[in-house]
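These notes concern the structure reproduced below.
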Number of protein chains: 2
Amino acid sequence: MPAFQNAFESHDHAHCADDVLARVRVIVQKNKLRLTPVRQRTLEILLESHKALGAYEVLERLAAEGFGHQPPVAYRALDYLVEQGLAHRIRRLNGFAACMYPGADHEPAFLICKSCDKVAETKGSAFDPALNQAAKTHGFHIERSNIEAMGECASCKGVL
Amino acid sequence: MPAFQNAFESHDHAHCADDVLARVRVIVQKNKLRLTPVRQRTLEILLESHKALGAYEVLERLAAEGFGHQPPVAYRALDYLVEQGLAHRIRRLNGFAACMYPGADHEPAFLICKSCDKVAETKGSAFDPALNQAAKTHGFHIERSNIEAMGECASCKGVL
DNA sequence: GGTCGTTATGTTATGATATAACCCTTTAAA
DNA sequence: TTTAAAGGGTTATATCATAACATAACGACC
């Protein structure tokens with residue numbers, strides 16, 4: 001498993017997505033998750049691109065495919081995926097993205113390209129050292145953390 | 001200037017806030033910022049506590065003090081402060097907090113206590129090493145980044 | 001195989017957050 | 001002192017998210 005899933009370079013995306021799905025299947029088995037049809041499709045929709053999707057975008061897709069038409073349908077599926085570590089919330093974009101390292105139990109970090117809107121995930125091995133140090137010193141217990149970095153990817157830099 | 005502003009321990013907050021304001025005054029002078037009444041008050045309101053405030057909470061306060069009553073009043077003041085580096089947006093909380101290190105040009109990192117809702121800012125010296133490395137390797141140019149860590153502060157851990 | 005508590009999925013309605021567009025006033029610079 | 005730019009107020013609306021409730025599906029158990 002690579003340490004960095006480069007969403008920005010062109011790649012065999014079908015393989016890329018299938019690879020994630022294959023790992024998801026293992027986790028589903030192992031943890032006895034109930035990856036129901038809505039949830040499965042929601043994850044697949046997220047995996048179609050490396051962009052973060054808003055809940056309402058996902059909802060549109062789900063509705064078109066015969067699932068419910070109301071916001072909670074999408075939010076529930078998305079929240080479930082996030083809880084199970086199969087997706088992440090990208091707060092800066094009010095959106096969601098499939099986790100590229102399902103099962104790896106990591107603190108996610110994201111590179112977000114302001115030009116093409118794509119999102120790449122890195123699997124940070126641990127909490128940021130400086131932050132971790134500060135937390136330790138003052139007795140703060142970190143449960144979860146995430147990093148969102150805005151910038152521009154190589155492809156877009158070349159274009160502009 | 002300390003490397004970590006501990007919002008969670010009891011402290012002389014009036015001094016703490018005044019200290020920040022004093023540094024802000026220097027920056028305002030140096031950069032010829034227009035810290036108008038709404039903006040100044042908005043910053044002061046943020047500085048009253050170590051909690052992140054929603055735009056509508058700020059708005060209520062401003063309205064009560066004779067400023068405008070509509071959302072853009074608060075959002076404009078808050079956005080200005082963020083642009084000038086005098087405040088930060090805490091996305092996880094849909095809120096804003098005064099910057100504790102104005103003028104220090106840093107990538108902020110936050111410890112957010114889930115129990116008392118207070119927010120402490122650390123002045124990360126640079127981008128997260130792992131993320132920075134990934135970005136470099138793939139030619140991604142990071143412009144801004146921030147870290148938001150959820151957890152529980154020492155005071156709240158003691159209580160629970 | 002029924003039954004029963006739990007989980008899932010759908011609904012309607014509403015809450016919370018954020019911005020667009022417009023108009024007048026203030027500011028600072030020519 | 002005119003004038004362009006920035007500020008601050010408004011109304012209206014867009015966008016994002018959840019509360020509360022009803023029915024259906026699941027799965028553990030006797």
Q. B:Lys157 side chain to A:Gly139 main-chain N or O, any donor-acceptor pair under 3.5 Å?
A.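 It does hold such a pair.
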Q | Distance in Å, B:Met150 CE paired with B:Ile112 CD1, rounded so as to fall on 0.5 Å steps | A |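 B:Met150 atom CE to B:Ile112 atom CD1 measures 5.5 Å (nearest 0.5 Å).
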**Q.** Value rounded to 0.5 Å, distance of CG in A:Leu53 from CG in A:Leu59
**A.**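 Answer for the CG-CG pair, A:Leu53 versus A:Leu59, is 12.0 Å.
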Q: List the atom of A:Cys116, the atom of A:Cys156, and the distance in Å for their closest heavy-atom pair.
A: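 Scanning both residues, the minimum pair turns out to be CB-SG, 3.5 Å.
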Q. Quick one: is C:dA8 close enough that its OP1 or OP2 comes under 4.0 Å of any side-chain N or O from A:Arg39?
A.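 Yes, A:Arg39 has a side-chain N/O under 4.0 Å of OP1/OP2 on C:dA8.
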Once you round it to whole Å, what is the distance between [atom2] of [N] and [atom1] of [X]?
X	N	atom1	atom2	answer
B:Arg34	C:dA29	CZ	C1'	11 Å
A:Arg41	C:dT9	CZ	P	15 Å
A:Leu62	C:dA8	CG	P	16 Å

Q. By side-chain contact (heavy atoms from CB on, under 4.5 Å), which residues pair with B:Pro72, not counting sequence neighbours?
A.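 For B:Pro72 the side-chain contact (heavy atoms from CB on, under 4.5 Å) partners, ignoring immediate neighbours, are B:Gln70, B:Arg76.
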Could you go through residues 27-37 of chain A and list every donor-acceptor pair under 3.5 Å that involves a side-chain atom there, pairing it with any protein atom two or more places apart or in another chain?
none

**Q.** Salt bridge A:Glu44-A:Arg61, side-chain N to carboxylate O under 4.0 Å
**A.**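 Result for this pair is no, no salt bridge flagged.
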Q: Walk along DNA chain D from 5' to 3' and tell me the first and last nucleotide with an atom closer than 4.0 Å to a non-hydrogen atom of chain A.
A: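 So the outermost contacting nucleotides come out as D:dC16 to D:dC26.
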Look for any protein N or O under 3.5 Å of an N or O in nucleotides 13-21 of chain C and output each such pair with its distance, or none.
unit_1	atom_1	unit_2	atom_2	d
C:dA18	OP1	B:Arg89	NH2	2.9
C:dA18	OP2	B:Tyr75	OH	3.0
C:dA18	O5'	B:Tyr75	OH	3.4
C:dA18	N7	B:Tyr56	OH	2.7
C:dA18	N6	B:Tyr56	OH	3.2

Q | Trace of the salt bridge (charged side-chain N to carboxylate O under 4.0 Å, His left out) decision for A:Glu148 with A:Arg91 | A | CA-CA 8 Å; A:Glu148 298 181 5; A:Arg91 315 224 57 133; over 6 Å; no
**Q.** Residue pairs, two or more places apart or on separate chains, that pass side chain to side chain donor-acceptor pair (under 3.5 Å) and touch residues 50-60 of chain A
**A.**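 Counting only pairs at least two positions apart or across chains, the side chain to side chain donor-acceptor pair (under 3.5 Å) contacts touching residues 50-60 of chain A are A:His11-A:His50, A:His13-A:His50.
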**Q.** Cation-pi check, B:Lys123 onto B:Tyr101 ring (under 6.0 Å, within 45° of axis)
**A.**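 Checked: cation-pi criterion met.
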Q: Would you kindly compare A:Tyr80 and A:Gly68 by the position of their nearest DNA chain C nucleotide and give the one closer to the 5′ end?
A: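 In this pair, the answer is A:Tyr80.
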Q. Within a strict 4.5 Å, meaning less than it, do heavy atoms of the A:Val82 and A:Phe96 side chains meet?
A.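 A:Val82 reaches A:Phe96 side chain to side chain.
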Q) Quantified as the angle between the terminal helix axes (five pairs each), what is the overall bend of the helix from C:dG1-D:dC30 to C:dA30-D:dT1 to 10 degrees? A)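 End axes: 30° apart.
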